[in-house]
Amino acid sequence: MNNNNHKTMKNFAKSSLVATVVTGLLTLTACQGESSTQSQAEQSVAAIPTPAYSELLSVKGGQAQPFNNGWLVSSEKQGLLWMNDTDSAQAKLWLQGDFTLLATDKNLVVTYDRRSDRVQPILVKQNEAFPVSQLPKRDFEINWLCLQPRAADKLTYLWLGGEHGKAEQWLLSNGSELKPKLVRQLSVPVGSLDCAYQAETDSLFVTEQNAGIWQYPAQPQAATETKLFLSKPDNDITSLFSINGQLLYQTEKGEIYDGNSPIALIKGEEVERFSAKQTPDQLELVSFDDETDSYRFASVKSSITADKPTDTLPEIPAWVESDTSDRSGDTMDDPAIWVHPTEPEKSLVLGAQKRWGLMVFDMQGNEVQSIATGRINNIDIRQSVNINGKNHDIAAASLRDGDKLAVYDIVADGKVSQLAVLDTEHSDIYGMCLYYDNKDLYAFTNEKSGKTIQYKIEWQGLKPSINKVRTLSVPTQVEGCVANDATGDLYIGEEDVGVWHFNAGANTSNKGKLILKVDGDQLADDVEGLALYHGKDTTYLVVSSQGNDSYVIYDAKAPYQYKGRFRIGTNFGKGIDGSSETDGLAVTSKAVGTGAWQQGMIAVQDGRNRLPDGNQVFKWVPWSEIERLLKK
């Protein structure tokens, strides 16, 4: 397989960089009456450094990439060729085939097989190629691809795209095995020509010739949004390459830029793609000219130093994914955890389906029950509530249909039954949470105005009613809240501002204090779900930081010390994605199973379900995984 395949190399004399372009290398025709702006632009182009280059001819290729201290080169005639010395006249056949596009990363190579019109992943072992199963044929023409090795989850993804406005993100590898699986689909500008992944910002860049270069968040759970990274109307950019946090681009004339700064000109008739790699004092470049079917290799004296990553949040793989919502759109909201009294592995997760009612899941994520209460939003549970001398497990939920409070009973085998739907004084009920002081059960219900009402739940047998105790308020919209039964602390999330502390006791002051502020980084609005984890030595306050798809942990007592934060990410082995745009969350410190589940768990709503795109779900993770993170 590793036969030598000598290729003709046309070597040009090597020389130092010159400051101007050799006459005839780039010709700009002057017109009568041209403006001084045009003249300045021509002088600027003429000043691009023009290194000498060597050329690999008659390859009929497409793309080259750094590989194994040399270059891997695609060829429609021979396959993949490896070169370790561009001054040499030799190129070694690495894998026979008919290939065009190319991306490389450590022990992984991805190319495009023209014969099958499918993407071909290749594992590399001891520098030898081991092709694996090709990706399924796509319903669009693939014109570009790039790999996305992520440090946060230690997984490698692949982006595919074409000129007709379609792109896809695929999960590929965990470093030792390949399990290709579609993550999500993305709309990109019609006419998109090339892509580049930038690890330092976890971003995908796509170029097209109408507007310029577009930037997309590439985190698998990120929002589908974009911004114009570099405005270049009516440009002739054909290719991109990211190196050490800097995005380089090349025009069809062979001009290579770092932003608006020219790096080099490797002249060509129709230059389509280029790649680069940094040596201690040189930036090595290779461009492919489609007009002449040749690769051109050059180097310039340049040092692009590595940027530090701008997003370093650790990711904990999701362990369980619930069954999906039966409807598309924003349908799931808040979970609550019910712990089985004698068999922890039979515990349940109750979830708000805010279009029609309550969903109940077992610990494997299977839906086992549903109750069509109406548009419930937030839900909470208290177990072992003394009602007329008997212990009961009670759940309650805010019901937006008619501004009511729904109350449920959960019996020992986990069966949930609706007890009542009760009127409140709210005009737009939103969130809620429960508080049990070991004598009486209370419900805190709130609305978007910032008002929270504390109700005492009273009982006639198992028939509940509510009586207003007092009113609390913060300046703007609230939703998430949680109460500490042991200490009487109440925490309320003001979505755009932060977290407030109040006393939960019925006869205490109604004045609160803002204890945690939104800063756009550690805590990014909206502040959504709040929950408490009661450990052996401390209690943690867990906050859904929706604005950056993360979960932040604080001490639950003053001065509310920050303990850490994390995201829930992709589980490669189970083939499930992480969570994002989380509304509600719940935690428990009680065992919900054996092994890793003995320290409890966190359950969260997933606003953007992927791998592949789908309706919303809940995800959960054993708390032992979070504890491991906190100890680092």
Just checking, any donor-acceptor pair under 3.5 angstrom between side chains of Gln605 and Gln616?
yes

Would you check if the distance from the ring center of Tyr533 to the ring center of Trp623 is below 6.0 Å?
yes

Is the distance from the ring center of Phe229 to that of Phe205 below 6.0 Å?
yes

Is the centre of the Tyr560 ring less than 6.0 Å from the centre of the Tyr554 ring?
no

Is it the case that over 12 heavy atoms from other parts of the model lie below 6.0 angstrom from the NZ atom of Lys346?
no

Do Asn446 and Glu479 have side-chain atoms, one donor and one acceptor, less than 3.5 Å apart?
no

Within a radius of less than 6.0 Å around NZ of Lys590, do more than 12 heavy atoms belonging to other residues, nucleotides or ligands occur?
no

Any side-chain donor-acceptor pair under 3.5 Å between Gln353 and Ser325?
yes

Residues Trp319, Trp597; criterion ring pair (Phe, Tyr, Trp, His ring centres under 6.0 Å); working and verdict
CA-CA 11 Å; Trp319 280 45; Trp597 300 98; 5.7 Å; yes

Quick one about Thr539 and His534 (side-chain donor to acceptor, distance below 3.5 Å, no hydrogens or angles considered), yes or no?
yes

Just wondering, do Tyr455 and Glu425 contact through their side chains at under 4.5 Å, heavy atoms?
yes

Set of salt bridge (Lys or Arg N to Asp or Glu O under 4.0 Å) partners for Glu321, sequence neighbours left out:
Lys619

Using the salt bridge (Lys or Arg N to Asp or Glu O under 4.0 Å) rule, pick out the option among Arg375, Lys354, Arg400 that qualifies with Asp333.
Lys354

Does one side chain, of Tyr430 or Thr445, offer a donor that lies under 3.5 Å from an acceptor on the other?
no

Partners of Asn467 by side chain to side chain contact (heavy atoms under 4.5 Å, CB included), sequence neighbours excluded?
Glu458

